[in-house]
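One structure is given below, encoded as structure tokens.
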Amino acid sequence: MGGKATKVKTQRANKGAGRPRKANVERFPCGKIKPFETEKDNVSVAVAARRRIHGFSRTVDDETVRSPYAGYTLGRMFLDGVITDEQRQAGDDYAEAMARYHKTTGIPAPSPRAQSLFAVKGHEGEVTESLAERARKASNRMMALQAILLACEDGPQVRSTVYNVAVMDYDHLRHMPPQQLLWLRRGLIALRRSRAG
């Protein structure tokens, strides 16, 4: 059972173990690196990951990759030039209306990425009149949007394509075939016209 001398000898031997300290960075008195120094590194890592995962080529500038539109499928399709800004906005409004419907009615969000699988969903025991009114308005809005999409030519395909891109955010639909892209544009244009009219 070694004594204090053995302990000191072991500590000296382990002194060089571990990752070496980062040089030339500002630190707090406690030794922690100041965050504004590493923020640039974090952003560059996130930009590189977006380029790699979402297939942005090197010709696309960093500002485009940092854009909030690069964070979801409909926004990436807008950045690719596949849809217009008005169509993207109509899709964003549709997704927001669907999210509001799910939140106010207590129905879990349809995407497993958007929910906690172990959380209890639904409303508290007492449903107030204002909560019921908000849920009714959200349900009516959701049904009106579905009716607009179903009224388009090839309505069921248009509705499911817009839903899968705007709400479910399936990334593989970013490179959809021309016919499906036609359905998406048709639905987004119909949603935009209904909002304007």
Side-chain angles (χ1 to χ4, degrees), residues 35-104 107-117 137-138 141-197:
F36 63 86
E37 288 294 327
T38 59
E39 185 177 348
K40 295 172 193 161
D41 296 336
N42 292 341
V43 169
S44 68
V45 168
V47 167
R50 273 191 179 174
R51 282 188 186 282
R52 185 178 64 252
I53 292 169
H54 299 301
F56 287 109
S57 64
R58 287 284 164 205
T59 58
V60 178
D61 62 336
D62 282 350
E63 288 304 314
T64 302
V65 178
R66 283 186 201 164
S67 165
Y69 301 137
Y72 61 107
T73 305
L74 200 64
R76 286 190 289 274
M77 291 177 80
F78 165 65
L79 291 176
D80 292 342
V82 176
I83 61 172
T84 65
D85 188 40
E86 292 83 16
Q87 292 169 346
R88 181 204 50 82
Q89 184 61 44
D92 289 348
D93 292 345
Y94 174 76
E96 186 179 328
M98 294 302 285
R100 187 176 298 118
Y101 163 73
H102 286 287
K103 184 176 180 180
T104 58
I107 299 172
S111 172
R113 293 179 285 176
Q115 62 180 316
S116 168
L117 297 177
K137 284 181 181 176
R141 177 74 178 140
M142 184 271 302
M143 288 187 280
L145 292 174
Q146 299 292 21
I148 290 167
L149 293 175
L150 288 170
C152 295
E153 184 182 341
D154 299 324
Q157 292 88 349
V158 170
R159 188 197 64 77
S160 66
T161 303
V162 171
Y163 183 82
N164 287 335
V165 172
V167 177
M168 297 301 287
D169 197 32
Y170 291 140
D171 193 51
H172 69 276
L173 292 175
R174 180 178 173 195
H175 305 289
M176 61 180 66
Q179 181 61 45
Q180 201 170 14
L181 185 59
L182 175 70
W183 292 334
L184 176 69
R185 286 179 181 152
R186 189 177 291 162
L188 294 175
I189 288 169
L191 289 171
R192 181 174 165 257
R193 285 184 184 151
S194 73
R195 192 171 45 127

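Reckoned from all heavy atoms, side chains included, excluding hydrogens, waters and symmetry mates. Just so we're clear, the structure is a prediction, and the values are computed from it rather than from any experiment.
- Heavy-atom minimum distance, Gly91 versus Leu74: CA-CD2, 3.5 Å.
- Listed by chain and number, the residues in a salt bridge (charged side-chain N to carboxylate O under 4.0 Å, His left out) with Glu86 amount to none (sequence neighbours excluded).
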Might you work through the side-chain contact (heavy atoms from CB on, under 4.5 Å) test for Arg76 and Asp171, ending with a clear yes or no?
-> CA-CA 9 Å; Arg76 286 190 289 274; Asp171 193 51; 2.7 Å; yes

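- Taking CG of Leu182 as the start and CE of Met176 as the end, the distance is 11.0 Å to the nearest 0.5 Å.
- Rounded to the nearest 0.5 Å, atoms CG (Leu191) and CD1 (Ile148) are 6.0 Å apart.
- Looking at residues two or more places apart in sequence or on another chain, you find no salt bridge (charged side-chain N to carboxylate O under 4.0 Å, His left out) involving Arg185.
- Annotation: ring-ring contact (aromatic ring centres under 6.0 Å, His included) contacts involving residues 69-97, sequence neighbours excluded, comprise Tyr69-Phe78.
- One distance of note links CD of Gln89 with CZ of Arg192; it measures 10.5 Å at 0.5 Å rounding.
- Rounding to the nearest 0.5 angstrom, the gap separating the CG atom in Leu188 from the SG atom in Cys152 is 9.5 Å.
- Taking the salt bridge (charged side-chain N to carboxylate O under 4.0 Å, His left out) definition, one finds that Arg174 meets it with Asp80, sequence neighbours left out.
- Expressed to the nearest 0.5 Å, how far CG of Leu173 lies from CE of Met168 amounts to 10.5 Å.
- Partners of Arg159 under the salt bridge (charged side-chain N to carboxylate O under 4.0 Å, His left out) rule, at least two apart in sequence or in another chain, do not exist in this structure.
- Remark: Gln179 engages no residue in a side-chain hydrogen bond (donor to acceptor under 3.5 Å, both in side chains) (not counting sequence neighbours).
- Between Thr73 atom OG1 and Asn164 atom CG the span is 10.5 Å, to the nearest 0.5 Å.
- Annotation for Ala97 and Leu145: closest pair CB-CD1, 3.5 Å, computed over non-hydrogen atoms.
- Sorted by first and then second residue, the salt bridge (charged side-chain N to carboxylate O under 4.0 Å, His left out) pairs involving residues 143-154 (not counting sequence neighbours) are Asp154-Arg186.
- Sequence neighbours left out, the pairs with a member in residues 88-98 that pass salt bridge (charged side-chain N to carboxylate O under 4.0 Å, His left out) are Asp85-Arg88, Arg88-Asp92, Asp93-Arg195, Glu96-Arg100.
- For residues 141-161, no pair satisfies ring-ring contact (aromatic ring centres under 6.0 Å, His included), with sequence neighbours left out.
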